[in-house]
Amino acid sequence: MKLLNRRELAIAGARQAQRRPARRRRPQSHQTTSRNRRELTTALVFMAPFLLLYTVFTIWPVFQAMWVSLSKWSLTGSQGFVGLANYAKALDDKYFWAALGNTVKFTIITVPTMMVVAVLVALLANRASRVRAFARSAFYIPSVLTVSVISYISRFMASPHTGFINHFLHDIGLLPADVEPQWLLGPRLAWVTLAGTTVWWTIGFAMLLYLAALQEIPDDVYEAASIDGASKGRQLFSITLPLMSRTHWLVFLLQVIACFKVFGQVQLITGGGPAGSTTSLVLYIYQTGFGKDNLGYASAMSFALFLILLVFSLLQLRVQTRSEK
Amino acid sequence: MKKRLTPGGVLLTFATVVLAVTFLVPVLWSLAVSLHHEGQTMSNVFDWFLPPYTLENYPTVLLRSGVWVWFVNSLIIAIVSTALTLLVTPMAAYAVARIKFKGATFFYIFMILGLMVPGEATITSLFVTANWMHLINTYAGLILPGIAASMNFIIITAFIKQLPNELTEAATVDGAGHWRIYWSLVLPLSKTILLTVGILTFTGSWNNYLWPLLATMTADMFTLPIGIPTFASTYTVDYVLPMTANMVASLPMIVLFVIFQRYIVKGVSLTGIKG
């Protein structure tokens with residue numbers, strides 16, 4: 001699961017496509033019913049394979065999830081209807097709340113860092129025209145790697161005594177030779193490792209969003225500002241950053257959504273530890289459903305995630321719609 | 001952008017290059033590790049960028065383990081997923097965008113509702129559904145759930161909608177049916193957008209983690225993202241072979257990115273950035 005995945009980005013696109021003005025239709029009056037029927041049949045034939053797969057694997061699971069969440073359900077099947085018991089259990093489960101809290105924490109650490117770094121990287125990549133293509137590729141390439149790879153690299157680089165990071169910090173004198181940070185053994189540093197890896201891995205998407213926004217700011221705005229004597233720094237804070245406010249919101253909401261779904265890097269880098277301190281909501285759902293074979297309870301918790309994500313998705317649609325006006 | 005060389009400009013360009021290289025260090029470093037002999041010293045970070053180099057880790061990794069099987073699985077799944085996506089999605093998009101039938105709007109909205117369904121939140125029930133259909137631990141189970149994606153549908157529909165109406169109208173006058181128009185006019189005109197969607201689908205499938213983690217049970221069905229962590233954990237002492245396995249999984253994607261960069265960037269902007 002990527003921080004900025006295509007599906008979330010696409011919600012915006014959906015809105016855009018939806019708002020496209022409807023194509024003029026010919027008056028229906030002189031079209032025969034048989035022609036209408038023929039067109040409908042053709043359309044259904046064209047749509048059938050997509051509709052079938054989509055209904056079975058995207059829409060149906062939502063309804064299935066409701067049923068599963070109301071049942072005691074294991075990998076072998078349903079063991080009976082239990083009503084809202086799974087939901088009640090979640091409200092009472094301190095591990096559920098801890099996982100939710102951890103997820104919020106991850107979001108609070110990662111999103112602002114991501115936004116600041118993304119803006120910085122985009123400004124640099126946009127500015128330095130000679131090296132723009134190289135910079136854009138370099139910042140994006142981590143995003144094309146799979147989570148297993150980045151997690152292994154991260155674990156390996158962060159490992160004490162043998163890893164790259166401690167060696168490097170020793171070499172440049174930032175760390176005394178006898179200090180050997182354990183990046184994954186303490187909750188605080190584990191969070192730093194997770195957030196750092198995530199930002200590194202997923203910065204590319206946010207950078208591309210910011211690059212697109214930067215390129216839409218007309219040059220003459222800056223020219224006018226320089227004539228008025230505004231310094232470069234002033235231009236950055238009074239023109240560039242405010243003019244990208246929509247992108248800030250978009251990146252913010254997309255990152256929040258992505259952070260709430262964080263799973264792969266947590267499972268692979270810290271395994272949720274130390275002592276559960278980095279267990280994210282999706283990881284807890286996964287552990288409950290597949291580790292403890294309690295799919296019913298896992299589905300109930302999934303609905304909590306679903307509702308949280310829905311709120312942010314709707315906010316995101318709002319940002320998208322407002323900007324088109 | 002002015003191209004005049006100023007000290008500040010040079011400094012910023014330099015900073016950009018340094019930062020960009022820093023971002024690449026983990027990748028370059030993994031590559032460097034995979035090109036060195038097992039057990040070579042690494043007391044100094046920079047040793048890793050010095051010779052002697054070797055290529056022998058690659059055949060070792062591929063032959064000695066399941067990596068080859070996982071590689072082939074990943075490849076089969078990514079290729080078939082991409083092919084099916086490109087077969088199924090443009091047809092549905094064409095129907096909604098170009099065939100005038102009652103209910104087109106209904107179907108459009110129905111088919112984009114999937115955007116509001118986060119895969120992570122229905123993962124348990126998708127497993128239940130797939131299990132009930134006996135798709136767990138099969139290629140079909142790994143491929144089919146990802147084919148009909150709302151996002152791809154939206155991108156292609158929007159593209160087909162903005163193709164000039166005159167083209168298809170002329171063809172209709174000439175007596176061409178929908179299939180003919182779709183196959184000989186719309187598909188060829190949509191090549192670029194299909195390439196973009198295809199590349200995004202391929203990379204998405206290659207890197208997919210959560211669903212293959214649940215849907216594969218035996219090592220012979222693993223894809224690379226699922227197999228690599230199990231491979232790495234069996235080589236805890238030495239990291240050269242796991243790093244090589246990482247590179248086996250990554251190099252195809254990096255090469256693909258370098259070749260198709262502009263389509264990937266376009267894909268990202270198509271999926272909602274424009275405005």
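Lettering follows sequence order; numbering is per chain, from 1. These figures come from a predicted structure and were not determined experimentally.
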Where does [X] contact chain A at under 4.5 Å (heavy atoms): side chain, backbone, both or neither?
X: B:V265; value: both
X: B:W132; value: neither
X: B:T157; value: neither
X: B:I228; value: side chain
X: B:L251; value: neither
X: B:L214; value: side chain
X: B:M247; value: neither
X: B:L87; value: neither

Within this structure, what is the [atom1]-[atom2] distance for the pair [X] and [Y], rounded to the nearest 0.5 Å?
X: B:F257; Y: A:I141; atom1: CZ; atom2: CD1; result: 5.5 Å
X: B:L213; Y: A:S148; atom1: CG; atom2: OG; result: 9.0 Å
X: A:L145; Y: B:S30; atom1: CG; atom2: OG; result: 8.0 Å
X: B:I147; Y: A:L52; atom1: CD1; atom2: CG; result: 12.0 Å
X: A:L51; Y: B:F153; atom1: CG; atom2: CZ; result: 8.5 Å
X: A:M47; Y: B:I99; atom1: CE; atom2: CD1; result: 7.5 Å

### Task
For B:Y182 and A:F46, run ring-ring contact (aromatic ring centres under 6.0 Å, His included): C-alpha distance rounded to whole Å, both residues' side-chain angles, the deciding distance at 0.1 Å, then the answer.
CA-CA 10 Å; B:Y182 171 72; A:F46 270 78; 5.5 Å; yes
When heavy-atom pairs shorter than 4.5 Å are enumerated against chain B, which of [options] gives the highest number?
options: A:L75, A:I285, A:V68, A:L120; result: A:L75
options: A:P49, A:S137, A:A298, A:G289; result: A:S137
options: A:W73, A:F63, A:W67; result: A:W73
options: A:W200, A:Y222, A:F306, A:F303; result: A:W200

### Message
Looking at chain A, which one of B:V21, B:V25, B:V96, B:L24 has the largest number of heavy-atom pairs inside 4.5 Å, strictly under?
### Response
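Most pairs with chain A among the choices: B:L24.
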Distance-minimising heavy-atom pair for [X] and [Y]:
X: A:T58; Y: B:G114; result: CG2-CA, 3.9 Å
X: A:V56; Y: B:T129; result: O-CG2, 4.1 Å
X: B:M91; Y: A:V45; result: CE-O, 4.2 Å
X: B:F23; Y: A:P142; result: O-CG, 4.1 Å
X: A:A135; Y: B:A20; result: CA-CB, 4.2 Å
X: B:T16; Y: A:F139; result: O-CZ, 4.4 Å

### Task
Run the numbers on A:T146 and B:L224 for side-chain contact (heavy atoms from CB on, under 4.5 Å), then give the verdict.
CA-CA 9 Å; A:T146 178; B:L224 275 171; over 6 Å; no
Between [Y] and [X], is there a side-chain heavy-atom distance shorter than 4.5 Å?
X: B:M116; Y: A:L314; value: yes
X: B:L126; Y: A:W60; value: no
X: A:Y152; Y: B:P229; value: no

Proximal component of [X], with respect to chain B [non-hydrogen, under 4.5 Å]:
X: A:R136; result: side chain
X: A:L309; result: side chain
X: A:I153; result: both

### Query
Regarding A:Y140 and B:Q261, is there a side-chain donor-to-acceptor distance under 3.5 Å anywhere?
no
#### Entry: Criterion side-chain contact (heavy atoms from CB on, under 4.5 Å) on A:F57 and B:L135, from CA distance to verdict
CA-CA 12 Å; A:F57 293 112; B:L135 290 178; 3.7 Å; yes
### Task
Dump the intermediate steps for side-chain contact (heavy atoms from CB on, under 4.5 Å) on A:F263 and B:E120, then the final yes or no.
CA-CA 9 Å; A:F263 170 75; B:E120 287 78 4; 5.7 Å; no
### Query
Is a side-chain N or O of A:N36 found less than 3.5 angstrom from the main chain of B:F101, in a donor-acceptor match?
no
### Query
Hey, is the main chain of B:F110 close enough, under 3.5 Å, to the side chain of A:Y54 for a donor-acceptor pair?
yes
### Message
Walk me through whether B:K102 and A:L40 qualify under side-chain contact (heavy atoms from CB on, under 4.5 Å).
### Response
CA-CA 7 Å; B:K102 272 192 188 149; A:L40 178 64; 6.0 Å; no
